[in-house]
Amino acid sequence: MKVLVISSSPRRAGNSAAMAQQAANGAEAAGHEVELLHLSDFVDGVLGDCRRCRDSHGRCSILDEYETLLVDHVVPADAVVIATPLHYYGMTSRLKAFFDRLFCYTSNSAPDGERVMAGLTGKRIGLLVSCEENYQGATLGLVTQFQELTRYNRQELAGVVVGVSNSRGEVKWDPANPLQRAYDLGERLFTTHVTDYRLDTPRSNRVWADHGVPAKPPVAGDEVVSVTSIQ
Ligand SMILES: Cc1cc2nc3c(=O)[nH]c(=O)nc-3n(C[C@H](O)[C@H](O)[C@H](O)COP(=O)(O)O)c2cc1C
């Protein structure tokens with residue numbers, strides 16, 4: 001599988017980058033084809049008024065490498081792991097610009113809209129956050145935003161790792177070991193148990209099949225439970 005890891009901190013050798021590198025190492029160890037990129041090499045501009053910004057062919061005219069990142073790296077990936085420092089209780093402005101500008105490539109009037117949209121769906125997404133505060137509420141908004149973003153994009157949020165850190169590289173001292181957990185997330189991107197149940201979702205009464213592999217969705221004839229019969 002193709003795994004893209006994006007570090008969105010302006011600090012290239014900082015805590016987010018360290019977590020991103022570990023996720024990339026884990027994905028590589030699991031045999032995936034891995035690419036680690038820095039968002040600042042691709043995204044400079046923020047979303048404008050598309051009616052004014054578009055060129056005569058309807059293409060985004062912001063002069064940076066956004067389209068290369070989106071079309072050549074994000075779309076072909078089966079999973080994308082995004083690392084961001086917490087900036088004022090949210091993602092970095094550059095990462096927000098990345099999401100905002102998806103609009104220019106997916107709206108009805110976008111020249112390759114349908115192709116890009118189809119290329120965004122179905123991916124597994126991982127989120128790595130580095131932040132100074134360990135108060136749970138600090139990252140809550142960002143995690144919720146990723147839940148909604150992935151739901152909207154028809155993607156699966158495979159996991160979130162938070163590393164408490166401030167000065168460059170000190171995430172390695174967090175006793176909760178976010179670097180190891182970032183590695184694990186990278187390694188298990190495609191095998192970790194991801195659910196989005198509804199009350200009536202048919203499912204097996206076992207989460208794990210043999211050897212810790214997530215149980216497959218039930219097929220006709222399997223024993224199936226509803227919430228009322230879970231033991
Ligand atoms: C502009 C800015 C805003 C920040 N806002 C927060 C914040 O709201 N909460 C927090 O815990 N840390 C905040 N921090 C601290 C960073 O999240 C922390 O230093 C992080 O480890 C930096 O990661 P990096 O090395 O990848 O840039 C902020 C840092 C900066 C520069």
Side-chain angles (χ1 to χ4, degrees), residues 3-29 32 34-48 62 64-66 68-70 73-74 77 79-102 123-150 155 157-189 192:
V3 176
L4 173 63
V5 183
I6 302 176
S7 179
S8 81
S9 175
R11 214 158 48 160
R12 292 180 81 98
N15 298 309
S16 312
M19 292 173 77
Q21 184 62 62
Q22 284 305 307
N25 293 349
E28 237 165 50
H32 303 305
V34 184
E35 205 176 22
L36 197 165
L37 301 175
H38 290 272
L39 198 59
S40 54
D41 289 335
F42 296 89
V43 178
D44 272 333
V46 296
L47 178 74
I62 299 173
D64 61 14
E65 297 299 319
Y66 184 95
T68 307
L69 174 65
L70 180 62
H73 300 277
V74 174
V80 182
V81 179
I82 297 176
T84 182
L86 194 69
H87 280 181
Y88 292 102
Y89 305 103
M91 63 181 81
T92 60
S93 48
R94 196 172 251 118
L95 183 55
K96 185 61 165 54
F98 170 79
F99 286 113
D100 289 350
R101 287 175 59 189
L102 282 179
K123 297 183 194 307
R124 287 217 158 185
I125 305 294
L127 173 64
L128 309 172
V129 186
S130 46
C131 57
E132 186 180 2
E133 298 169 70
N134 83 336
Y135 163 62
Q136 296 288 307
T139 48
L140 209 55
L142 177 58
V143 173
T144 303
Q145 189 171 21
F146 263 77
Q147 281 176 324
E148 294 308 308
L149 275 170
T150 50
Q155 298 162 337
L157 186 57
V160 178
V161 177
V162 177
V164 177
S165 51
N166 197 24
S167 89
R168 193 187 303 261
E170 71 167 349
V171 70
K172 65 178 177 224
W173 300 120
D174 179 349
N177 212 347
L179 292 182
Q180 180 63 46
R181 287 188 290 124
Y183 182 99
D184 292 346
L185 177 60
E187 194 177 33
R188 298 187 198 137
L189 269 173
T192 198

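Counting starts at 1 for both ligands and their atoms, following the listed order. Computed from a predicted model, the values in this text were never measured in an experiment.
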Sub-4.0 Å heavy-atom contact, His87 with ligand 1: yes
Sub-4.0 Å heavy-atom contact, Ala138 with ligand 1: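 In this structure, Ala138 fails to qualify as a contact of ligand 1 - no heavy atom is under 4.0 Å.
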[atom]: which protein heavy atom is closest, and how many Å away?
atom	answer
atom 12 (N) of ligand 1	Glu132 N, 3.4 Å
atom 8 (O) of ligand 1	Tyr89 N, 3.1 Å
atom 6 (C) of ligand 1	Leu86 O, 3.2 Å
atom 15 (C) of ligand 1	Asn166 OD1, 3.6 Å
atom 26 (O) of ligand 1	Ser16 OG, 2.5 Å

Per-atom contacts of ligand 1 with Tyr88, taking only distances under 4.0 Å to non-hydrogen atoms: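 Per the distance check, 1 (C), 3 (C), 4 (C), 5 (N), 6 (C), 7 (C), 8 (O).
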Which of the ligand 1 atoms, numbered from 1, are nearer than 4.0 Å to a heavy atom of Glu133: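 Near Glu133, meaning under 4.0 Å from one of its heavy atoms, ligand 1 has 7 (C), 9 (N), 10 (C), 11 (O).
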So, taking the atom named [atom1] in [X] and the one named [atom2] in [Y], what distance separates them when rounded to the nearest 0.5 Å?
X	Y	atom1	atom2	result
Leu36	Gln22	CG	CD	10.5 Å
Lys96	Leu47	NZ	CG	8.5 Å
Gln145	Leu140	CD	CG	12.0 Å

Ala138 versus Tyr89, closest heavy-atom pair with distance: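 In this case the closest contact between Ala138 and Tyr89 is O-CD2, 3.6 Å.
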Where Ser165 and Ser130 come nearest, the two heavy atoms and their spacing: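 That closest heavy-atom pairing would be OG-CB, 3.6 Å.
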Proximity of Ser9 to ligand 1 by residue part, where a heavy atom lies under 4.0 Å: side chain
Ring geometry between Tyr66 and Phe98 (parallel below 30°, tilted from 30 to 60°, perpendicular above 60°):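 Plane angle between 30° and 60°, so tilted.
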is_close_aromatic(Phe99, Phe146), centroid dist under 6.0 Å: yes
